[in-house]
Amino acid sequence: MPELPEVQAAVDYLRKRVVGCRIIATKILWGRSIAKLSPATFIRRLKGCSITEVFRRGKYICAALSSARSRESQFLFIHLRMSGSVDVLGSKIPVDPYDRVIFELDSGKTLRFNDVRKFGKISLVNEQSVITDNLGPEPLDGKLTDKLFYTALQCRKRRIKPLLLDQAFLAGVGNIYADEALWSSSLHPATLSHQISEESARLLLAAIRTILLEAISLAGTDFGDGVVSEGMYRPKVYGRAKSQCYRCGKGIVRLVVAQRGTHICPHCQKQKKSSSQSTGLRRTRMRRQAGKGN
DNA sequence: CAAACTCCCTGTTAGC
DNA sequence: TGCTAACAGGGAGTTT
């Protein structure tokens, strides 16, 4: 599942291969991969545009476009969601069954948006803000200080894991790196944000950054010859249920928090008891079981 | 305001 | 062994 580091790798890959290219034609093989616009409009508005820049914002791949005709610029925002990927291939390479959108470039190559599960979306907008206004700060941006992060946590009363996953709160962190950062800073995923101490907040932000940077350095190695390194971040807790915790040796447990699979070490990540919270959870669980029985 | 729930999809996997 | 049902997961939208 692409999160910030994987999206950054895709951006680095694309930047080298498509910046300066002109889009000659676009083929849409799955209409719902395009957000908002009809396929015909999408194709028409892209025709003849040049790609001037490729960058990342949150989990979006962004391509800035300029048109020879109209002076106004456009932006292509690609969200890979669960299973999306991008490739730049020779135009003669056969279409893959999971290719959803193909952009034909004047370089003789094609930019292919491939997406098995069809969750990915491509938006074409005139203003970046249409997309970016809904995004929180970049976790690696120095302007996000410890103080600002701590204050942001204090302003909310939400469980820390779903808060980290909320792209309007922080842009780019997904399920895997949220679990990893919480384990690293010894926080239970259901800890309420306003109950996190300033010191814990500092450790959490540091953990997020360390983990993202490590994953970027591993996932993002592109040797420029079409081979992208397969070195991958090795999770400490994510997907390691029933394995031993690297810190204390006890068993990793998988639970569900906010409808998301969540992996923790119950020994290292203890939750401070909050009475209203535990009763709330118990009620939910009882209601679920009652529903299943019918 | 927080959080649960639903939907979108299909490859993988647990269970029979 | 072969089948089916459950499951995973990001994010938008809806309901509690």
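Please read these numbers as outputs of a predicted model, since none were measured by experiment.
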Whole-Å distance between C:dC7 C1' and A:Q259 CD?
14 Å
CD of A:E6 versus P of C:dG10: gap in Å, rounded?
11 Å
Hey, is CD on A:E127 packed in by over 12 heavy atoms from elsewhere, all under 6.0 Å?
no
Close side-chain approach of A:R209 to A:L140, heavy-atom, < 4.5 Å:
yes
Rounded to whole Å, CG of A:L165 lies from P of B:dA2 at a distance of 15 Å
Within the structure shown, what part of the strands sits under 4.0 Å from A:Y238 by heavy-atom distance: base, sugar-phosphate, or nothing?
sugar-phosphate
OP1 or OP2 of B:dT10 versus the side-chain N and O atoms of A:K118: is any pair under 4.0 Å?
yes
For A:Q154 and B:dA2, what is the distance between atoms CD and P respectively, to the nearest whole Å?
13 Å
Side chain of A:R158 - closest among B:dA3, B:dC9, C:dA12:
B:dA3
Spacing between A:D166 atom CG and B:dA4 atom P, to the nearest angstrom
14 Å
More than 12 heavy atoms of other residues, nucleotides or ligands under 6.0 Å from CD of A:Q154: is that the case?
yes
Judged by nearest nucleotide, the residue sitting upstream toward the 5' end of DNA chain C, A:R117 or A:N134, is A:R117
Between A:R240 (side chain only) and A:K236 (backbone N and O only), is there a donor and an acceptor less than 3.5 Å apart?
yes
Which nucleotide wins on minimum distance to the side chain of A:Y98, given the candidates C:dG11, B:dG11, C:dA8?
B:dG11
Choosing from B:dT10, C:dG11, C:dG9, which nucleotide comes nearest the side chain of A:H79?
C:dG11
Nearest to the side chain of A:R159, heavy atoms from C-beta on, is which of C:dA8, C:dG11, B:dA4?
B:dA4
Measuring to OP1 and OP2 of C:dA8, would you say a side-chain N or O of A:R254 lies under 4.0 angstrom away?
yes
Please compare A:V256 and A:K59 by the position of their nearest nucleotide in DNA chain C and report the one closer to 5'.
A:V256
Check whether A:Q167 reaches the backbone of A:V173 with its side chain - one donor and one acceptor, N or O, closer than 3.5 Å.
yes
Using the C1' atoms of five pairs at each end, what's the angle between the two axes of the helix from B:dA2-C:dT16 to B:dC16-C:dG2, to 10 degrees?
60°
With hydrogens left out and only the distance checked, is there a donor-acceptor pair under 3.5 Å joining A:R260's side chain and the base of C:dG11?
yes
With heavy-atom distances below 4.5 Å as the criterion, would you say the side chains of A:P139 and A:L4 are in contact?
yes
Once you round it to whole Å, what is the distance between C1' of C:dA12 and CZ of A:R32?
14 Å
May I ask you to establish whether A:R57 and A:F55 are in a cation-pi arrangement, using a distance under 6.0 Å from NZ or CZ to the six-membered ring centre and at most 45° from the ring axis?
no
Scan A:K121 against the nucleic acid and name what it touches under 4.0 Å (heavy atoms): base, sugar-phosphate only, or nothing.
nothing
A:F119 on top of C:dG11's base, within under 5.5 Å and under 30°?
no
In terms of side-chain heavy atoms of A:R156, which of C:dG10, B:dT10, B:dA2 is nearest?
B:dA2
Whether the side chain of A:R81 and the base of C:dG9 hold a donor-acceptor pair under 3.5 Å is what I'd like checked.
no
Can you check the A:Y60 OH to C:dG10 C1' distance for me, whole Å?
10 Å
Is the cationic atom of A:R158 (NZ for Lys, CZ for Arg) positioned less than 6.0 Å from the six-membered ring centroid of A:F169 and within 45 degrees of its normal?
no
Integer-rounded Å distance: B:dA2 P and A:L153 CG:
12 Å
